[in-house]
Amino acid sequence: MATSSSLPFLLLSTLLAAIVVLLQSPVSHADLDHQKAYFHACLSNKVWTNPSAPVSVIGALYTSTNSSFSDILNLHIHNKRFNRPNTPKPIAIITAFHESHVQAAVVCSKASNFQLRIRSGGHDYEGFSFVSDIPFILLDMYNLKSISVNIQNGTALVEAGATLGQLYYKVAKNSHVHAVAAGVCPSLGTGGHFSGGGYGNLMRKYGLSVDNIIDAKIVNVNGDILDRKSMGEDLFWAIRGGGGASFGVILSWTIKLVAVPPLVTVFKVNRTLEQGVTDIVYKWQHVAPKLHRDLFIRLQHEVHHKTVQVFFIGEFLGRTDRLLSLMKESFPELGLRKSDCLELPWVNSTVFYTEGPIGYPAEALLFEAKYPAQSYFKSKSDFVKKIISKKGLRSIWKKFIESEIIVMQWNPYGGRMWEISASATSFLLGIRHNSPLRKHL
Ligand SMILES: Cc1cc2nc3c(=O)[nH]c(=O)nc-3n(C[C@H](O)[C@H](O)[C@H](O)COP(=O)(O)OP(=O)(O)OC[C@H]3O[C@@H](n4cnc5c(N)ncnc54)[C@H](O)[C@@H]3O)c2cc1C
(Lines give C-alpha, C1' and ligand atoms only; values in the text may rest on other atoms or scores of the structure.)
Protein backbone atom coordinates (compact mmCIF):
# COMPACT_ATOMS: atom_id res chain seq x y z
CA MET A 1 0.00 0.00 0.00
CA ALA A 2 1.27 3.44 -0.82
CA THR A 3 2.14 5.63 2.12
CA SER A 4 1.58 9.36 1.89
CA SER A 5 5.30 10.01 1.54
CA SER A 6 5.61 7.64 -1.43
CA LEU A 7 2.54 9.07 -3.16
CA PRO A 8 4.18 11.96 -5.01
CA PHE A 9 6.68 9.47 -6.38
CA LEU A 10 3.89 7.08 -7.41
CA LEU A 11 1.98 9.87 -9.15
CA LEU A 12 5.09 10.98 -10.93
CA SER A 13 5.94 7.48 -12.03
CA THR A 14 2.37 6.90 -13.27
CA LEU A 15 2.59 10.12 -15.25
CA LEU A 16 5.97 9.13 -16.65
CA ALA A 17 4.65 5.68 -17.57
CA ALA A 18 1.77 7.32 -19.45
CA ILE A 19 4.18 9.54 -21.35
CA VAL A 20 6.39 6.56 -22.20
CA VAL A 21 3.35 4.60 -23.45
CA LEU A 22 2.32 7.59 -25.55
CA LEU A 23 5.81 7.91 -27.01
CA GLN A 24 5.99 4.21 -27.74
CA SER A 25 2.50 3.68 -29.10
CA PRO A 26 3.01 1.82 -32.37
CA VAL A 27 2.57 3.75 -35.56
CA SER A 28 -0.27 2.18 -37.57
CA HIS A 29 0.52 0.84 -41.03
CA ALA A 30 -1.67 3.49 -42.59
CA ASP A 31 0.22 6.25 -40.77
CA LEU A 32 3.56 4.75 -41.71
CA ASP A 33 2.59 4.42 -45.37
CA HIS A 34 1.41 7.99 -45.29
CA GLN A 35 4.70 9.14 -43.74
CA LYS A 36 6.69 7.20 -46.34
CA ALA A 37 4.69 8.66 -49.20
CA TYR A 38 5.13 12.15 -47.75
CA PHE A 39 8.88 11.60 -47.36
CA HIS A 40 9.22 10.41 -50.94
CA ALA A 41 7.14 13.31 -52.28
CA CYS A 42 9.25 15.76 -50.30
CA LEU A 43 12.49 14.33 -51.73
CA SER A 44 11.05 14.45 -55.24
CA ASN A 45 10.42 18.19 -54.97
CA LYS A 46 12.54 19.92 -57.57
CA VAL A 47 13.84 22.30 -54.93
CA TRP A 48 16.42 19.57 -54.25
CA THR A 49 17.53 19.33 -57.87
CA ASN A 50 21.05 20.62 -57.84
CA PRO A 51 22.93 20.76 -61.14
CA SER A 52 26.27 20.17 -59.39
CA ALA A 53 25.09 16.96 -57.67
CA PRO A 54 26.42 13.82 -59.41
CA VAL A 55 23.07 12.07 -58.87
CA SER A 56 19.68 13.32 -57.73
CA VAL A 57 18.70 12.75 -54.10
CA ILE A 58 16.27 10.10 -55.38
CA GLY A 59 19.29 8.39 -57.00
CA ALA A 60 20.95 8.32 -53.56
CA LEU A 61 17.88 6.79 -51.90
CA TYR A 62 17.65 3.12 -50.87
CA THR A 63 14.62 1.38 -49.43
CA SER A 64 14.11 -2.28 -48.55
CA THR A 65 12.91 -2.89 -52.11
CA ASN A 66 16.41 -2.15 -53.45
CA SER A 67 18.58 -5.25 -53.76
CA SER A 68 21.61 -3.35 -52.35
CA PHE A 69 19.73 -1.99 -49.29
CA SER A 70 21.26 -4.53 -46.86
CA ASP A 71 24.75 -4.17 -48.29
CA ILE A 72 24.62 -0.38 -47.92
CA LEU A 73 23.28 -0.71 -44.38
CA ASN A 74 25.89 -3.30 -43.34
CA LEU A 75 28.83 -1.55 -44.97
CA HIS A 76 29.50 0.49 -41.84
CA ILE A 77 28.20 -1.77 -39.08
CA HIS A 78 31.35 -2.91 -37.30
CA ASN A 79 29.77 -4.77 -34.40
CA LYS A 80 27.70 -7.94 -34.83
CA ARG A 81 25.64 -6.86 -31.81
CA PHE A 82 23.85 -4.40 -34.11
CA ASN A 83 23.53 -6.67 -37.09
CA ARG A 84 20.93 -9.14 -35.95
CA PRO A 85 17.68 -9.99 -37.76
CA ASN A 86 15.72 -8.23 -34.99
CA THR A 87 17.86 -5.05 -35.06
CA PRO A 88 15.50 -2.24 -36.16
CA LYS A 89 16.20 -1.24 -39.75
CA PRO A 90 15.77 2.22 -41.32
CA ILE A 91 12.76 3.07 -43.46
CA ALA A 92 15.22 4.41 -46.03
CA ILE A 93 18.89 5.22 -46.45
CA ILE A 94 20.18 8.32 -48.16
CA THR A 95 23.81 7.98 -49.21
CA ALA A 96 24.42 11.70 -49.72
CA PHE A 97 26.68 12.67 -52.62
CA HIS A 98 26.07 16.39 -52.31
CA GLU A 99 25.30 18.95 -49.60
CA SER A 100 21.80 19.38 -51.07
CA HIS A 101 21.13 15.67 -50.30
CA VAL A 102 21.92 16.32 -46.66
CA GLN A 103 19.59 19.31 -46.63
CA ALA A 104 16.86 17.19 -48.25
CA ALA A 105 17.35 14.40 -45.70
CA VAL A 106 17.02 16.82 -42.78
CA VAL A 107 14.05 18.78 -44.09
CA CYS A 108 12.09 15.80 -45.46
CA SER A 109 12.56 13.50 -42.46
CA LYS A 110 11.47 16.32 -40.17
CA ALA A 111 8.46 17.16 -42.38
CA SER A 112 7.34 13.52 -42.55
CA ASN A 113 7.93 12.98 -38.83
CA PHE A 114 10.70 10.40 -39.15
CA GLN A 115 13.66 10.42 -36.86
CA LEU A 116 16.96 11.04 -38.65
CA ARG A 117 20.05 9.01 -37.76
CA ILE A 118 23.40 10.26 -39.09
CA ARG A 119 26.29 7.93 -39.79
CA SER A 120 29.84 8.74 -40.85
CA GLY A 121 32.22 5.91 -39.89
CA GLY A 122 29.64 3.79 -38.01
CA HIS A 123 31.79 3.24 -34.90
CA ASP A 124 29.25 4.44 -32.36
CA TYR A 125 29.65 2.16 -29.31
CA GLU A 126 25.88 1.60 -29.07
CA GLY A 127 25.00 1.80 -32.76
CA PHE A 128 23.07 5.05 -32.27
CA SER A 129 24.09 6.26 -35.74
CA PHE A 130 22.12 3.53 -37.51
CA VAL A 131 19.65 1.99 -35.02
CA SER A 132 16.52 3.47 -33.47
CA ASP A 133 13.42 2.07 -31.82
CA ILE A 134 11.15 4.47 -33.69
CA PRO A 135 10.80 4.64 -37.49
CA PHE A 136 13.85 6.41 -38.86
CA ILE A 137 15.78 7.51 -41.93
CA LEU A 138 19.50 6.80 -42.12
CA LEU A 139 21.63 9.56 -43.61
CA ASP A 140 24.91 7.93 -44.56
CA MET A 141 27.77 10.36 -45.13
CA TYR A 142 30.42 8.00 -46.49
CA ASN A 143 30.29 9.40 -50.04
CA LEU A 144 31.09 12.89 -48.78
CA LYS A 145 34.75 12.21 -48.14
CA SER A 146 36.83 14.75 -50.02
CA ILE A 147 39.96 16.05 -48.29
CA SER A 148 42.03 19.04 -49.33
CA VAL A 149 45.29 19.87 -47.65
CA ASN A 150 46.87 23.31 -47.59
CA ILE A 151 50.42 22.93 -46.36
CA GLN A 152 51.16 26.64 -46.73
CA ASN A 153 48.43 27.49 -44.21
CA GLY A 154 48.94 24.28 -42.23
CA THR A 155 45.26 23.32 -42.55
CA ALA A 156 43.06 20.64 -44.06
CA LEU A 157 39.42 20.67 -45.09
CA VAL A 158 37.86 17.26 -44.55
CA GLU A 159 34.33 16.14 -45.29
CA ALA A 160 32.55 14.24 -42.54
CA GLY A 161 32.40 10.93 -44.41
CA ALA A 162 36.19 10.68 -44.72
CA THR A 163 37.85 8.25 -42.34
CA LEU A 164 40.82 9.06 -40.15
CA GLY A 165 42.93 6.67 -42.28
CA GLN A 166 42.06 8.56 -45.47
CA LEU A 167 42.86 11.86 -43.76
CA TYR A 168 46.21 10.69 -42.35
CA TYR A 169 47.18 9.27 -45.73
CA LYS A 170 46.27 12.43 -47.63
CA VAL A 171 48.14 14.69 -45.19
CA ALA A 172 51.24 12.48 -45.41
CA LYS A 173 51.10 12.54 -49.23
CA ASN A 174 51.49 16.31 -48.95
CA SER A 175 54.07 16.52 -46.16
CA HIS A 176 56.16 14.28 -43.89
CA VAL A 177 56.29 16.87 -41.14
CA HIS A 178 52.59 17.54 -40.74
CA ALA A 179 50.12 15.34 -38.90
CA VAL A 180 46.61 15.25 -37.46
CA ALA A 181 45.86 15.08 -33.74
CA ALA A 182 43.14 12.40 -33.68
CA GLY A 183 42.36 8.78 -32.81
CA VAL A 184 44.00 5.47 -33.45
CA CYS A 185 41.53 3.37 -35.41
CA PRO A 186 41.77 4.36 -39.13
CA SER A 187 38.18 3.48 -39.98
CA LEU A 188 36.67 6.01 -37.53
CA GLY A 189 34.64 8.64 -39.38
CA THR A 190 35.70 12.24 -38.93
CA GLY A 191 31.99 13.18 -38.62
CA GLY A 192 31.41 11.30 -35.36
CA HIS A 193 34.97 11.13 -34.04
CA PHE A 194 35.77 14.84 -34.19
CA SER A 195 32.39 15.96 -32.85
CA GLY A 196 32.77 13.68 -29.81
CA GLY A 197 36.25 14.86 -28.77
CA GLY A 198 38.80 12.61 -30.44
CA TYR A 199 41.84 11.53 -28.45
CA GLY A 200 44.97 9.92 -29.82
CA ASN A 201 48.75 9.60 -29.56
CA LEU A 202 49.40 13.29 -30.15
CA MET A 203 47.07 14.61 -27.45
CA ARG A 204 49.79 15.15 -24.82
CA LYS A 205 51.51 17.49 -27.27
CA TYR A 206 48.57 18.98 -29.19
CA GLY A 207 45.33 18.18 -27.35
CA LEU A 208 42.27 16.49 -28.85
CA SER A 209 40.86 16.65 -32.37
CA VAL A 210 38.38 19.29 -31.19
CA ASP A 211 41.23 21.49 -29.96
CA ASN A 212 42.50 21.71 -33.54
CA ILE A 213 39.25 22.49 -35.35
CA ILE A 214 39.17 26.01 -36.71
CA ASP A 215 35.95 25.96 -38.75
CA ALA A 216 33.05 23.67 -39.58
CA LYS A 217 30.17 23.52 -42.02
CA ILE A 218 26.89 22.11 -40.79
CA VAL A 219 23.31 21.68 -41.92
CA ASN A 220 21.03 22.80 -39.12
CA VAL A 221 17.56 21.51 -38.29
CA ASN A 222 15.98 23.92 -40.79
CA GLY A 223 18.21 22.69 -43.60
CA ASP A 224 20.39 25.81 -43.66
CA ILE A 225 24.11 25.46 -44.34
CA LEU A 226 26.16 27.35 -41.77
CA ASP A 227 29.85 27.90 -41.20
CA ARG A 228 31.55 29.09 -38.02
CA LYS A 229 30.71 32.71 -38.70
CA SER A 230 27.04 32.13 -39.49
CA MET A 231 26.42 29.48 -36.82
CA GLY A 232 28.02 31.66 -34.12
CA GLU A 233 30.52 30.77 -31.42
CA ASP A 234 28.02 29.00 -29.11
CA LEU A 235 27.07 26.37 -31.65
CA PHE A 236 30.66 26.09 -32.84
CA TRP A 237 31.64 25.41 -29.21
CA ALA A 238 28.88 22.81 -28.80
CA ILE A 239 29.76 20.70 -31.84
CA ARG A 240 33.35 20.37 -30.66
CA GLY A 241 32.87 17.63 -28.09
CA GLY A 242 29.11 17.66 -27.53
CA GLY A 243 28.32 15.21 -30.36
CA GLY A 244 27.40 16.62 -33.77
CA ALA A 245 24.05 14.85 -34.14
CA SER A 246 22.60 16.77 -31.19
CA PHE A 247 22.88 19.98 -33.21
CA GLY A 248 22.70 19.19 -36.93
CA VAL A 249 24.68 17.35 -39.59
CA ILE A 250 28.38 18.12 -39.89
CA LEU A 251 29.31 18.47 -43.55
CA SER A 252 33.00 19.24 -43.09
CA TRP A 253 35.69 20.39 -40.70
CA THR A 254 38.62 22.72 -41.23
CA ILE A 255 41.44 21.55 -39.01
CA LYS A 256 44.82 22.85 -38.03
CA LEU A 257 47.58 20.39 -38.88
CA VAL A 258 50.25 19.80 -36.25
CA ALA A 259 54.03 19.53 -36.60
CA VAL A 260 55.87 16.23 -36.32
CA PRO A 261 59.53 15.38 -37.01
CA PRO A 262 60.37 13.41 -40.20
CA LEU A 263 60.89 10.31 -38.04
CA VAL A 264 59.12 9.30 -34.85
CA THR A 265 59.95 6.33 -32.62
CA VAL A 266 57.45 3.64 -31.67
CA PHE A 267 57.64 0.63 -29.37
CA LYS A 268 55.45 -2.12 -27.99
CA VAL A 269 56.77 -4.17 -25.09
CA ASN A 270 54.85 -6.48 -22.81
CA ARG A 271 55.35 -7.33 -19.16
CA THR A 272 53.70 -10.14 -17.23
CA LEU A 273 52.76 -10.71 -13.60
CA GLU A 274 55.93 -12.78 -13.22
CA GLN A 275 57.95 -9.79 -14.48
CA GLY A 276 56.44 -7.54 -11.82
CA VAL A 277 53.90 -5.79 -14.03
CA THR A 278 51.86 -4.59 -11.03
CA ASP A 279 54.77 -2.43 -9.82
CA ILE A 280 55.47 -1.17 -13.32
CA VAL A 281 51.83 -0.20 -13.98
CA TYR A 282 51.66 1.45 -10.56
CA LYS A 283 54.71 3.55 -11.44
CA TRP A 284 53.34 4.24 -14.95
CA GLN A 285 50.25 5.85 -13.41
CA HIS A 286 52.49 8.36 -11.64
CA VAL A 287 54.81 9.18 -14.52
CA ALA A 288 52.77 8.78 -17.75
CA PRO A 289 50.84 12.09 -17.44
CA LYS A 290 54.04 13.92 -16.43
CA LEU A 291 56.43 12.55 -19.04
CA HIS A 292 57.88 14.86 -21.67
CA ARG A 293 54.93 15.83 -23.89
CA ASP A 294 56.65 14.36 -26.96
CA LEU A 295 56.13 10.96 -25.37
CA PHE A 296 52.86 9.06 -25.18
CA ILE A 297 52.67 5.59 -23.61
CA ARG A 298 49.35 3.73 -23.74
CA LEU A 299 48.77 0.53 -21.78
CA GLN A 300 46.85 -2.42 -23.09
CA HIS A 301 45.89 -5.11 -20.61
CA GLU A 302 45.06 -8.58 -21.91
CA VAL A 303 44.81 -12.13 -20.60
CA HIS A 304 46.93 -14.84 -22.19
CA HIS A 305 47.11 -18.41 -20.94
CA LYS A 306 45.38 -17.49 -17.67
CA THR A 307 47.83 -14.72 -16.83
CA VAL A 308 47.75 -10.96 -17.32
CA GLN A 309 50.00 -9.25 -19.82
CA VAL A 310 50.27 -5.52 -20.10
CA PHE A 311 51.54 -4.03 -23.34
CA PHE A 312 53.26 -0.65 -23.13
CA ILE A 313 52.73 0.92 -26.53
CA GLY A 314 54.61 4.16 -27.06
CA GLU A 315 55.09 6.91 -29.58
CA PHE A 316 57.86 9.47 -29.25
CA LEU A 317 58.11 12.54 -31.45
CA GLY A 318 61.85 12.19 -31.97
CA ARG A 319 64.67 9.66 -32.42
CA THR A 320 65.44 6.56 -30.36
CA ASP A 321 68.51 7.87 -28.53
CA ARG A 322 66.64 10.82 -27.05
CA LEU A 323 63.73 8.57 -26.13
CA LEU A 324 66.01 6.15 -24.31
CA SER A 325 67.61 8.89 -22.27
CA LEU A 326 64.18 10.28 -21.32
CA MET A 327 63.01 6.82 -20.32
CA LYS A 328 66.14 6.24 -18.24
CA GLU A 329 65.45 9.47 -16.42
CA SER A 330 61.67 9.14 -15.92
CA PHE A 331 60.60 5.54 -16.25
CA PRO A 332 63.59 3.16 -15.90
CA GLU A 333 61.29 0.47 -14.39
CA LEU A 334 60.02 -0.40 -17.88
CA GLY A 335 63.56 -1.35 -18.99
CA LEU A 336 63.04 -0.11 -22.56
CA ARG A 337 65.91 -1.14 -24.87
CA LYS A 338 67.11 0.19 -28.21
CA SER A 339 66.10 -3.10 -29.86
CA ASP A 340 62.47 -2.50 -28.77
CA CYS A 341 62.31 0.73 -30.77
CA LEU A 342 61.48 1.42 -34.38
CA GLU A 343 61.89 4.73 -36.22
CA LEU A 344 59.25 5.53 -38.83
CA PRO A 345 57.61 8.47 -40.57
CA TRP A 346 54.55 9.57 -38.56
CA VAL A 347 52.06 8.13 -41.08
CA ASN A 348 53.62 4.65 -40.74
CA SER A 349 53.43 4.97 -36.96
CA THR A 350 49.64 5.21 -37.32
CA VAL A 351 49.70 1.82 -39.09
CA PHE A 352 51.98 0.41 -36.34
CA TYR A 353 49.46 1.53 -33.74
CA THR A 354 46.69 -0.40 -35.48
CA GLU A 355 48.81 -3.54 -34.99
CA GLY A 356 49.64 -3.71 -38.71
CA PRO A 357 52.74 -5.89 -39.31
CA ILE A 358 56.06 -4.02 -39.16
CA GLY A 359 56.81 -2.43 -42.51
CA TYR A 360 53.16 -2.50 -43.61
CA PRO A 361 52.69 0.33 -46.13
CA ALA A 362 50.70 3.46 -45.35
CA GLU A 363 48.19 2.34 -48.01
CA ALA A 364 46.81 0.04 -45.29
CA LEU A 365 45.11 3.17 -43.94
CA LEU A 366 42.86 3.16 -46.98
CA PHE A 367 41.53 -0.37 -46.54
CA GLU A 368 37.82 -0.49 -45.86
CA ALA A 369 36.83 -2.39 -42.71
CA LYS A 370 35.47 -5.84 -43.59
CA TYR A 371 31.71 -6.33 -43.63
CA PRO A 372 29.50 -7.88 -42.47
CA ALA A 373 30.81 -7.18 -38.96
CA GLN A 374 33.26 -9.82 -37.78
CA SER A 375 32.72 -9.83 -34.01
CA TYR A 376 30.43 -9.01 -31.09
CA PHE A 377 31.83 -6.53 -28.59
CA LYS A 378 30.86 -4.07 -25.89
CA SER A 379 33.06 -1.02 -25.30
CA LYS A 380 32.99 1.81 -22.82
CA SER A 381 35.27 4.60 -21.72
CA ASP A 382 35.81 6.04 -18.29
CA PHE A 383 38.14 8.40 -16.50
CA VAL A 384 40.49 7.56 -13.67
CA LYS A 385 40.85 10.46 -11.29
CA LYS A 386 42.95 8.87 -8.58
CA ILE A 387 45.96 6.58 -8.78
CA ILE A 388 44.81 2.96 -8.45
CA SER A 389 46.61 1.23 -5.57
CA LYS A 390 48.63 -1.94 -6.09
CA LYS A 391 45.90 -3.79 -4.22
CA GLY A 392 43.34 -2.33 -6.63
CA LEU A 393 45.47 -3.34 -9.61
CA ARG A 394 45.71 -6.92 -8.29
CA SER A 395 41.93 -7.12 -7.97
CA ILE A 396 41.61 -5.88 -11.58
CA TRP A 397 44.03 -8.60 -12.73
CA LYS A 398 41.93 -11.16 -10.83
CA LYS A 399 38.76 -10.08 -12.65
CA PHE A 400 40.63 -10.17 -15.94
CA ILE A 401 41.83 -13.72 -15.40
CA GLU A 402 38.31 -14.80 -14.40
CA SER A 403 36.74 -13.27 -17.52
CA GLU A 404 39.55 -14.16 -19.98
CA ILE A 405 38.09 -11.88 -22.65
CA ILE A 406 38.38 -8.33 -21.33
CA VAL A 407 40.85 -6.00 -22.98
CA MET A 408 41.53 -2.62 -21.41
CA GLN A 409 43.42 0.38 -22.74
CA TRP A 410 44.68 3.19 -20.55
CA ASN A 411 45.64 6.51 -22.11
CA PRO A 412 47.51 9.18 -20.16
CA TYR A 413 46.58 12.86 -20.24
CA GLY A 414 48.86 15.65 -18.98
CA GLY A 415 50.99 17.96 -21.14
CA ARG A 416 48.83 20.08 -23.47
CA MET A 417 45.65 18.43 -22.12
CA TRP A 418 46.17 20.13 -18.78
CA GLU A 419 46.82 23.54 -20.35
CA ILE A 420 43.64 23.85 -22.41
CA SER A 421 40.84 25.43 -20.44
CA ALA A 422 38.11 22.97 -19.40
CA SER A 423 35.51 25.18 -21.05
CA ALA A 424 37.37 25.81 -24.31
CA THR A 425 35.28 23.10 -26.01
CA SER A 426 32.24 21.09 -24.94
CA PHE A 427 34.28 17.88 -24.55
CA LEU A 428 33.22 16.40 -21.19
CA LEU A 429 33.52 19.68 -19.38
CA GLY A 430 36.14 19.70 -16.67
CA ILE A 431 37.37 16.18 -17.25
CA ARG A 432 40.70 17.15 -18.78
CA HIS A 433 42.02 18.72 -15.63
CA ASN A 434 40.77 16.21 -13.10
CA SER A 435 41.92 13.15 -14.93
CA PRO A 436 45.39 11.89 -15.31
CA LEU A 437 44.15 8.91 -17.34
CA ARG A 438 41.43 7.82 -19.68
CA LYS A 439 40.50 4.17 -19.41
CA HIS A 440 39.01 2.37 -22.41
CA LEU A 441 37.42 -0.99 -21.81
C1 LIG B 1 37.22 0.21 -32.59
C2 LIG B 1 37.07 1.61 -32.04
C3 LIG B 1 38.20 2.38 -31.82
C4 LIG B 1 38.08 3.67 -31.29
N5 LIG B 1 39.21 4.40 -31.08
C6 LIG B 1 39.11 5.67 -30.62
C7 LIG B 1 40.27 6.49 -30.43
O8 LIG B 1 41.40 6.08 -30.68
N9 LIG B 1 40.07 7.75 -29.96
C10 LIG B 1 38.82 8.25 -29.70
O11 LIG B 1 38.70 9.41 -29.31
N12 LIG B 1 37.72 7.49 -29.87
C13 LIG B 1 37.83 6.23 -30.32
N14 LIG B 1 36.70 5.49 -30.52
C15 LIG B 1 35.38 6.11 -30.28
C16 LIG B 1 34.95 6.87 -31.56
O17 LIG B 1 35.73 8.03 -31.73
C18 LIG B 1 33.46 7.28 -31.45
O19 LIG B 1 32.68 6.15 -31.34
C20 LIG B 1 33.05 8.15 -32.65
O21 LIG B 1 31.79 8.74 -32.36
C22 LIG B 1 32.94 7.34 -33.92
O23 LIG B 1 32.67 8.17 -35.02
P24 LIG B 1 32.12 7.53 -36.38
O25 LIG B 1 31.85 8.62 -37.34
O26 LIG B 1 33.03 6.42 -36.81
O27 LIG B 1 30.80 6.83 -35.86
P28 LIG B 1 29.25 6.99 -36.21
O29 LIG B 1 28.66 5.74 -35.62
O30 LIG B 1 29.03 7.22 -37.65
O31 LIG B 1 28.81 8.26 -35.41
C32 LIG B 1 28.97 8.37 -34.01
C33 LIG B 1 28.04 9.47 -33.49
O34 LIG B 1 28.28 10.70 -34.15
C35 LIG B 1 27.11 11.10 -34.90
N36 LIG B 1 27.55 11.56 -36.22
C37 LIG B 1 28.26 10.85 -37.14
N38 LIG B 1 28.49 11.59 -38.21
C39 LIG B 1 27.90 12.78 -38.00
C40 LIG B 1 27.80 13.96 -38.77
N41 LIG B 1 28.33 14.07 -40.00
N42 LIG B 1 27.12 15.01 -38.25
C43 LIG B 1 26.56 14.93 -37.02
N44 LIG B 1 26.64 13.82 -36.23
C45 LIG B 1 27.31 12.77 -36.72
C46 LIG B 1 26.27 9.86 -35.02
O47 LIG B 1 24.91 10.14 -35.23
C48 LIG B 1 26.55 9.17 -33.70
O49 LIG B 1 25.81 9.77 -32.68
C50 LIG B 1 36.79 4.20 -31.00
C51 LIG B 1 35.66 3.41 -31.22
C52 LIG B 1 35.78 2.14 -31.72
C53 LIG B 1 34.55 1.31 -31.93
Side-chain angles (χ1 to χ4, degrees), residues 75-82 90 94 96 99 101-102 105-106 115-132 136-145 158-168 180-203 207-211 216-221 226 235 238-253 296 298 300 313 315 350 353-355 369 373-381 407 409-411 413 417 427-428 431 438-441:
L75 198 56
H76 295 100
I77 298 181
H78 307 289
N79 188 340
K80 270 182 150 176
R81 216 152 50 89
F82 308 119
I94 295 179
E99 291 175 348
H101 299 172
V102 176
V106 170
Q115 193 176 71
L116 184 68
R117 292 284 159 141
I118 311 152
R119 179 165 75 178
S120 287
H123 277 288
D124 192 284
Y125 284 163
E126 295 304 324
F128 289 140
S129 53
F130 53 87
V131 181
S132 171
F136 70 105
I137 306 298
L138 170 57
L139 170 61
D140 210 325
M141 300 292 286
Y142 71 93
N143 284 318
L144 290 174
K145 57 179 178 203
V158 54
E159 284 190 315
T163 62
L164 291 191
Q166 291 161 350
L167 177 60
Y168 295 168
V180 179
V184 171
C185 172
S187 55
L188 298 180
T190 55
H193 177 69
F194 283 12
S195 57
Y199 70 90
N201 303 347
L202 300 179
M203 73 176 153
L208 305 169
S209 315
V210 283
D211 299 320
K217 213 154 129 187
I218 74 163
V219 172
N220 73 4
V221 68
L226 307 172
L235 184 51
I239 57 173
R240 287 174 298 143
S246 311
F247 307 99
V249 183
I250 311 291
L251 292 171
S252 63
W253 305 103
F296 174 84
R298 155 187 279 197
Q300 185 159 307
I313 314 168
E315 172 156 331
T350 65
Y353 248 83
T354 61
E355 319 242 327
Q374 305 289 300
S375 54
Y376 293 93
F377 62 92
K378 166 82 185 167
S379 297
K380 71 191 291 271
S381 288
V407 174
Q409 288 170 346
W410 290 7
N411 295 287
Y413 276 10
M417 289 296 284
F427 169 75
L428 297 172
I431 285 291
R438 179 178 180 136
K439 192 175 64 151
H440 181 79
L441 191 66

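When a ligand or atom number is given, it counts from 1 through the structure's own listing order. What's counted below: heavy atoms across the whole structure, side chains too, no hydrogens, waters or symmetry copies. Just so you know, residue 1 is the first one in the sequence shown, and it goes up from there.
Side-chain contact between Leu144 and Val102 is present, with at least one heavy-atom pair separated by less than 4.5 Å. Between Leu202 and Phe296 there is no side-chain heavy-atom pair separated by less than 4.5 Å.
A salt bridge between Arg81 and Glu126 is present, with a side-chain N of the basic residue lying under 4.0 Å from a carboxylate O of the acidic one.
Taking all atoms of both residues into account, the shortest heavy-atom contact from Gly121 to His78 is O-NE2, 2.7 Å. Across every non-hydrogen atom of Thr354 and Pro186, the tightest pair is CG2-CD, 3.2 Å. Nearest heavy-atom pair across Ala182 and Phe194 is CB-CE1, 3.9 Å. The two residues Val210 and Gly241 make their nearest non-hydrogen contact at CG1-N, 3.6 Å. Of all the heavy atoms in Ser129 and Leu138, the pair that sits closest is O-CD1, 3.3 Å.
Between the choices Ser129, Gly127, Ala216, the shortest heavy-atom distance to atom 31 (O) of ligand 1 belongs to Ser129. Atom 16 (C) of ligand 1 has its nearest heavy-atom neighbour, among Ile77, Leu188, Thr163, in Leu188. The heavy atom nearest to atom 18 (C) of ligand 1, out of those in Arg119, His78, His123, Arg298, is found in His123. Distances from atom 45 (C) of ligand 1 to the heavy atoms of Ile218, Asn79, Ile118, Asn201 show the closest one on Ile118.
Close contacts of ligand 1 with Gly183, meaning ligand atoms under 4.0 Å from a residue heavy atom, involve 7 (C), 8 (O), 9 (N). Residue Ala160 approaches ligand 1 through these ligand atoms, each under 4.0 Å from one of its heavy atoms: 41 (N). Those atoms of ligand 1 that come under 4.0 Å of a heavy atom in Val184, given as number and element, are 7 (C), 8 (O). The distance from ligand 1 to the heavy atoms of Gly189 drops below 4.0 Å at these ligand atoms: 23 (O), 24 (P), 25 (O), 26 (O). For ligand 1, the atoms closer than 4.0 angstrom to any heavy atom of Gly248 are 43 (C). Within ligand 1, the atoms closer than 4.0 Å to a non-hydrogen atom of Cys185 are 3 (C), numbered from 1 in the order shown. Interface of Gly198 with ligand 1, defined as ligand atoms under 4.0 Å from a residue heavy atom, comprises 11 (O).
The distance criterion of under 3.5 Å between nitrogen or oxygen atoms is met by Ala245 with respect to ligand 1. Checked by distance only, ligand 1 and Asp124 come closer than 3.5 Å through their nitrogen or oxygen atoms. The distance criterion of under 3.5 Å between nitrogen or oxygen atoms is met by Gly122 with respect to ligand 1. Any N or O atom pair closer than 3.5 Å counts here, and Met141 shares no such pair with ligand 1. Some N or O of Gly192 is nearer than 3.5 Å to an N or O of ligand 1, by distance alone.
Remark: Lys217 engages Glu99 in a salt bridge (charged side-chain N to carboxylate O under 4.0 Å, His left out) (not counting sequence neighbours).
Both the backbone and the side chain of Tyr199 come within contact range of ligand 1, each with a heavy atom under 4.0 Å. When non-hydrogen atoms are compared, ligand 1 lies under 4.0 Å from the backbone of Ser120 as well as from its side chain.
Not a single heavy atom of Gly200 sits less than 4.0 Å from an atom of ligand 1.
Checking side-chain atoms of Arg117 against main-chain N and O of Phe128 turns up a donor-acceptor pair under 3.5 Å.
Atom NZ in Lys145 sits 12.5 Å away from atom OG in Ser120 (nearest 0.5 Å).
Ring to ring, His76 and Phe130 are not that close: their centroids are 6.0 angstrom or more apart.
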